[in-house]
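Read the numbers this way: they start at 1 and go in the same order the structure lists the ligands and their atoms.
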Amino acid sequence: MRTLLLLFMLALGQTAFAACDVTITAGDGIAYDKTIIEVERSCESVTVTLKHTGSLPRNAMGHNWVLSKSGDLDAVAQAGLGAGLENNYVPPGDARVLANTTVVGGGEETSVTFSLAELPDAEYAFFCSFPGHWAIMKGVLKIT
Ligand code: ZN
């Protein structure tokens, strides 16, 4: 029974993870380890922790985690490009940015905590706004 439960949890972890605290990792490649993050609507707040498991510095292979509406992803990423690394490639004060972490390099981690109260939709987009990453380094936040 315990083995079955463990297998079930492992299988679940492959595709989705329903919780209020979520960890996502990225290494020296342009990819997260998850393309779907699932959180429960009942969460008062959600904390996303991004761990960079690689070794390259943040200015060469930095990663962050940015949340926006799916339809805003490209525009926010383009605006973030102009904002530069000093702004974590996120346009300052842009209301389309629903949550974001800082940019981290190898061996570092960062996190962001946000409320679901102002996120009424069932799905949002998350992505890394580091230049050249967002076209493939992205996923879906599902609120269930
Ligand atoms: Zn990245």
Trainee: Go through the side-chain N and O atoms of D28 and S55 and say whether any donor and acceptor fall under 3.5 Å apart.
Mentor: yes
Trainee: Just to verify, what does I136 make a side chain to side chain contact (heavy atoms under 4.5 Å, CB included) with, not counting sequence neighbours?
Mentor: I30
Trainee: Does the side chain of L119 come within less than 4.5 Å of L67's, by heavy atoms?
Mentor: yes
Trainee: With 2.8 Å as the limit, jot down which protein N, O or S atoms are around the Zn ion (ligand 1).
Mentor: H63 ND1, C128 SG, H133 ND1, M137 SD
Trainee: If we only count heavy atoms from C-beta on, is the R58 to N88 side-chain gap below 4.5 Å?
Mentor: yes
Trainee: Hey, can you tell me if W65 and F114 have their rings parallel, tilted or perpendicular (30° and 60° cut-offs)?
Mentor: parallel
Trainee: Can you tell me if CD on E86 sees more than 12 non-hydrogen neighbours from other groups inside 6.0 Å?
Mentor: yes
